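The structure appears below as structure tokens.
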Amino acid sequence: VVVIKAKHHLGAGIARSFGRIGITVYGIGPSRWAPGLNSKYYKEKMVWDTYNKDSKETVRHLLRVGKKIGEKSVLLHTTDEIALIISEYADELEKYFIFNRIQPQLVHSLINKREMHSLATDHGIPIVKTYYPESRQEVENYAGKCRFPVLLKGINSYVTLLQTGK
């Protein structure tokens, strides 16, 4: 198993879950100190920060990792960004990795909270009341009439990351 973008604790949890039952796990994270790489169950921890890399560079890196491992491995992503890269470069990556093939347009729709909401309602899946303010003023107006607690998120986490660095 290869865990890509093991930035947060999810990566360590994946490594522990598979490692405890004897499955070999490799981790790829943005730094040696990333919490997601903090597990004794990784056979190898590799540093690759996708934040400042072109998608094609990340794919080339994954192909080098796959070739180095020497056998087809399950590729698990922990971020929307990597899910999108895997879907867009599935033909190249399938030489070394096993993963669910999902059409890139569906991944885009699932990454975008507004589009995901539409998909859910179109398919009869119950979903919480959702509001999409487009300005600070709209947020302030909504805050005056909504019931708390409220969860406020960017529509697209990858775009939010690129815009804010967080």
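Counting begins at 1 with the first residue of the sequence. Quantities reported herein were computed from a predicted structural model and do not represent experimental measurements.
A search for side-chain contact (heavy atoms from CB on, under 4.5 Å) contacts involving A120 returns I125, I127, not counting sequence neighbours. Here V150 pairs with C146, F148 under the side-chain contact (heavy atoms from CB on, under 4.5 Å) rule; sequence neighbours left out. The salt bridge (Lys or Arg N to Asp or Glu O under 4.0 Å) check on R20 picks up nothing, with sequence neighbours excluded. Legend: residues meeting salt bridge (Lys or Arg N to Asp or Glu O under 4.0 Å) with D122, ordered by chain and number and at least two apart, are absent. For the side-chain contact (heavy atoms from CB on, under 4.5 Å) test, residues two or more places apart in sequence or in another chain that qualify with D54 are K56, E57. Under the side-chain contact (heavy atoms from CB on, under 4.5 Å) criterion, D49 pairs with P30, Y51, not counting sequence neighbours. With sequence neighbours left out, E44 forms a salt bridge (Lys or Arg N to Asp or Glu O under 4.0 Å) with K68.
When only modelled atom types and interatomic distance are considered, T79 and K7 share no side-chain donor-acceptor pair under 3.5 Å.
In terms of heavy-atom proximity, L106 sits nearest to I102 at CD2-CG2, 3.7 Å. Between P35 and A12, the shortest heavy-atom distance links the atoms O-CB, 3.8 Å. For the pair S87 and Q103, the tightest heavy-atom approach, listed with the atom from each and the gap, is CB-C, 4.5 Å.
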Side chain to side chain donor-acceptor pair (under 3.5 Å) for S55 and E88? Distances and angles first, verdict last. CA-CA 9 Å; S55 295; E88 290 175 342; 5.0 Å; no

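A salt bridge (charged side-chain N to carboxylate O under 4.0 Å, His left out) check over residues 132-143, counting only residues at least two apart or in different chains, returns the pairs R114-E134, R136-E140. Listed by first and then second residue, the ring-ring contact (aromatic ring centres under 6.0 Å, His included) pairs involving residues 107-136 are Y131-Y142 (not counting sequence neighbours). Residue pairs meeting the salt bridge (charged side-chain N to carboxylate O under 4.0 Å, His left out) criterion with at least one partner in residues 92-111, sequence neighbours excluded, are D91-R101, E94-R101.
With values rounded to the nearest 0.5 angstrom, K53 atom NZ is found 11.5 Å from R60 atom CZ.
Counting side-chain heavy-atom gaps under 4.5 Å among Ile, Leu, Val, Met, Phe, Trp and Tyr, the cluster of V3 also holds V1, L10, I14, F18, I21, I23, V25, L37, Y42, V74, L76, I98. Listed by chain and number, the hydrophobic cluster partners of Y89 are V2, I4, Y26, I28, M46, W48, V59, L62, L63, V65, I69, L75, I82, I85, I86, L93, Y96, F97, F99, where partners are ILVMFWY side chains within reach of under 4.5 Å, directly or through others.
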